[in-house]
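Here's the structure, in structure tokens; my notes come after.
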Amino acid sequence: MQHVGQRVRLGGWVHRRRDLGGILFIDLRDRAGLVQVAIGPGAPDEVRRVAAGLGSETVIEIEGDVTARPASMKNPELATGDVEVQATRLAVLGAAVTPPIPVARGKGEELPAEELRLKYRHLDLRRPEMQGNLLLRHRLLQRARRTLADLEFLEIETPILTKPTPEGARDYLVPSRVHPGEFYALPQSPQIYKQLLMVAGFDRYFQIARCFRDEDLRNDRQPEFTQIDLEASFVGVEDVIGYVEQVLVALWDEAGHTVARPFPRLTWRDAMERYGTDKPDLRFGLVIGDWTAQVKALGVPFFQPALKDGARIRGLAVKGGAALSRKDVDQLADAAKQLGGAGLAWVKRQGEQISGSVGKHFTPEVLGALGVADGDAALMTVGPDRVTSPVLDRVRQEVIRRLAPAPHAAHAFCWVVDFPLFEPDPETGRPVFAHHPFTAPHPDDVARLDTDPFACRALHYDAVYDGNELGSGSIRITDPAVQRRVFAHLGMTPGEVEARFGFLLSGLQAGAPPHGGFAIGFDRVVMALAGADSMRDVIAFPKTTAARALFEGAPSPANPADLAALHIEVKR
Ligand code: ASP
């Protein structure tokens with residue numbers, strides 16, 4: 001309203017046009033939003049003529065006078081809804097073909113298919129929701145930078161054309177033209193460089209780093225993504241966790257949320273025991289219990305065949321679970337079956353009645369001891385932990401989704417610490433690194449490195465938010481001898497180690513300070529704070545789940561002359 005009476009000049013896009021005969025309205029859109037332009041009977045003929053032919057998404061410039069709208073015409077949903085601009089001049093600055101997907105949407109109108117949105121990304125990005133997401137992304141980036149700079153971290157860039165950095169994915173390779181048959185790798189992370197920066201004495205480093213990982217894509221993954229990457233010297237686990245918490249609290253504050261520090265902490269073992277996952281959603285209770293002793297005694301045939309070799313019966317006492325329909329329970333059982341193992345057994349308790357797939361074996365006393373009260377359900381499975389944990393994690397998530405219990409915590413951050421250093425490769429059983437091979441073994445477990453590597457914990461910590469991993473970090477190995485032993489466990493010969501990681505080892509030999517760090521998955525942070533369902537909605541030009549860029553059309557065949565210059569022949 002403070003602009004009423006002013007003469008203004010505005011540029012923007014024709015969002016909508018309404019021709020009411022005598023008067024024509026244009027909703028003019030720019031980054032800041034919409035303003036209504038009115039072209040009434042008193043407007044110059046030329047203005048009326050041009051306005052009558054305007055197609056949507058045309059770029060125009062208008063000049064006019066800001067007037068208050070009559071009370072009945074005010075639009076409370078618009079920041080500029082109390083005013084309009086009476087146009088006295090109108091020029092078309094950029095003609096627009098009829099847009100293949102609409103930018104303006106009516107209330108409740110569905111979005112075009114995502115393929116179309118990605119193909120015509122320049123139009124999709126004009127939508128206020130997308131503009132809002134990228135604006136938030138910008139603000140979060142600036143805040144992360146400021147926060148880390150205030151903590152005296154130095155922003156240092158590391159190379160994009162590098163040597164492979166193992167983070168558990170395949171590398172994107174870039175052929176060298178001047179060195180036939182040789183390749184650069186795009187960084188899976190700046191890991192080794194940031195460690196070398198610590199060796200070089202920079203003390204505290206950060207980078208808003210683009211990382212590249214060639215993986216089978218999942219919905220929340222992108223082949224290239226952004227990390228807030230940091231590393232510090234002369235620090236232990238507590239220091240790094242403290243820095244990362246400060247950054248996360250600042251980012252949540254930037255989006256208007258107050259989050260308390262310190263975040264709760266669980267060991268990896270406890271997380272797996274209580275939630276069946278290393279990224280537990282702590283907004284909800286629903287903790288997995290070990291029911292072996294109580295349930296084994298009942299002699300239920302369902303559990304017997306699997307009850308051997310360290311197998312356990314584990315279950316969830318679901319508050320209000322008697323309300324799950326038969327269909328719900330069948331779907332939960334199907335979800336469990338897909339993950340292998342014995343499947344799901346269930347019991348419902350409603351007043352005197354105890355029902356369910358194994359209900360007849362249960363008494364109120366046993367159910368009471370398991371925490372299953374009237375109106376609740378018990379969902380159980382049996383087997384080794386490596387089978388029951390993922391099953392119960394999945395069942396727990398599905399139950400939460402179906403029963404939608406009121407969360408008892410908002411913004412449920414936690415740290416999961418003391419991960420195992422190695423995991424068994426699912427196919428060969430050989431050790432593979434759980435984080436990356438530069439993670440230091442837990443000092444209490446170093447002695448077991450050679451005798452019992454799988455029992456060795458690592459100084460590795462993950463930040464988890466509402467059931468999503470937001471990032472990982474660790475204290476690093478600084479003793480070259482320990483680093484060599486870890487490489488040997490991973491099955492690398494000394495020659496391979498030298499060829500792949502010689503530059504790191506020579507750094508560690510040159511006087512390496514104790515150091516550790518972390519990387520925050522920035523796209524996930526923006527997704528959480530924007531309330532977006534897809535990571536693609538917070539990245540300007542993302543790839544599809546098939547790793548294609550639909551807008552620009554990448555990847556695409558290279559022309560034969562370019563391939564020849566790169567000494568590459570494509571086999572079909
Ligand atoms: N380089 C690790 C990653 O990308 C993070 C870290 O250990 O600092 O997950």
Side-chain angles (χ1 to χ4, degrees), residues 144 148 153-160 162-172 185-199 202-215 220-233 235-245 247-248 268 278-279 415-423 432-442 457-465 468-478 483 486 501 504 507-508 512-525:
L148 283 162
F153 281 72
L154 301 183
E155 185 167 4
I156 303 176
E157 293 151 284
T158 56
I160 294 293
T162 80
K163 235 177 143 60
T165 339
E167 294 281 1
R170 285 175 191 274
D171 292 305
Y172 280 100
L186 303 183
Q188 289 188 34
S189 79
Q191 183 62 37
I192 300 181
Y193 290 107
K194 65 176 173 174
Q195 290 191 232
L196 292 171
L197 287 171
M198 295 305 108
V199 171
F202 286 100
D203 223 52
R204 281 177 222 178
Y205 138 99
F206 85 97
Q207 181 177 197
I208 311 289
R210 199 63 73 81
C211 303
F212 306 84
R213 298 186 190 175
D214 185 1
E215 297 181 275
D220 64 341
R221 295 263 164 113
Q222 283 281 312
E224 61 178 298
F225 59 93
T226 305
Q227 287 185 342
I228 304 172
D229 193 44
L230 57 95
E231 193 79 10
S233 291
V235 294
V237 174
E238 295 307 318
D239 305 286
V240 181
I241 280 185
Y243 290 136
V244 175
E245 281 189 1
V247 176
L248 290 172
W268 177 85
D278 56 10
K279 31 181 192 293
W415 288 102
V416 177
V417 301
D418 291 352
F419 275 73
L421 187 60
F422 301 108
E423 309 171 330
V432 289
F433 50 84
H435 183 210
H436 51 54
F438 318 112
T439 297
H442 195 291
R457 289 165 302 165
L459 294 180
H460 162 189
Y461 32 83
D462 272 8
V464 176
Y465 172 72
N468 298 298
E469 182 202 319
L470 281 191
S472 288
S474 58
I475 299 301
R476 323 302 183 184
I477 299 171
T478 44
Q483 185 67 74
V486 167
F501 302 114
L504 171 69
L508 296 183
H515 61 278
F518 199 82
I520 300 172
F522 183 64
D523 306 286
R524 293 220 185 130
V525 167

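First listed ligand is number 1; within each ligand, the first listed atom is number 1.
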Test item: side-chain donor near acceptor, T478 and R476, under 3.5 Å: no
Region of R213 engaging ligand 1 - heavy atom pairs below 4.0 Å: side chain
Enumerated ligand 1 atoms positioned under 4.0 Å from heavy atoms of F518: 8 (O)
Pairing residues for K163 by the side chain to side chain contact (heavy atoms under 4.5 Å, CB included) criterion, not counting sequence neighbours: F503
Atom 9 (O) of ligand 1: the protein heavy-atom neighbour that sits closest, reported with distance to 0.1 Å: E167 OE1, 3.8 Å
Heteroatom distance test (Q227, ligand 1): nitrogen or oxygen, under 3.5 angstrom: yes
Numbered atoms of ligand 1 (with element) below 4.0 Å of A519, judged on heavy atoms: 5 (C), 8 (O)
Residues E167 and S189: side-chain donor-acceptor under 3.5 angstrom: yes
Exceeds 12 heavy-atom contacts within 6.0 angstrom, atom CZ of F202: no
Q191: numbered ligand 1 atoms lying under 4.0 Å from its heavy atoms: 1 (N), 2 (C), 5 (C), 6 (C), 7 (O), 8 (O)
D462 and S472 side chains, donor-acceptor separation under 3.5 Å: yes
Close N or O approach (K194, ligand 1; < 3.5 Å): yes
Plane angle bin for Y461 and F518 - parallel if under 30°, tilted between 30 and 60°, otherwise perpendicular: parallel
Q188 contact mode with ligand 1 (heavy-atom cut-off under 4.0 Å): neither
Residue portion contacting ligand 1 (non-hydrogen atoms closer than 4.0 Å) for R476: side chain
Non-neighbouring partners of E469 that pass salt bridge (Lys or Arg N to Asp or Glu O under 4.0 Å), sequence neighbours left out: none
Heavy-atom nearest neighbour in the protein, as seen from atom 5 (C) of ligand 1, with distance rounded to 0.1 Å: S472 O, 3.4 Å
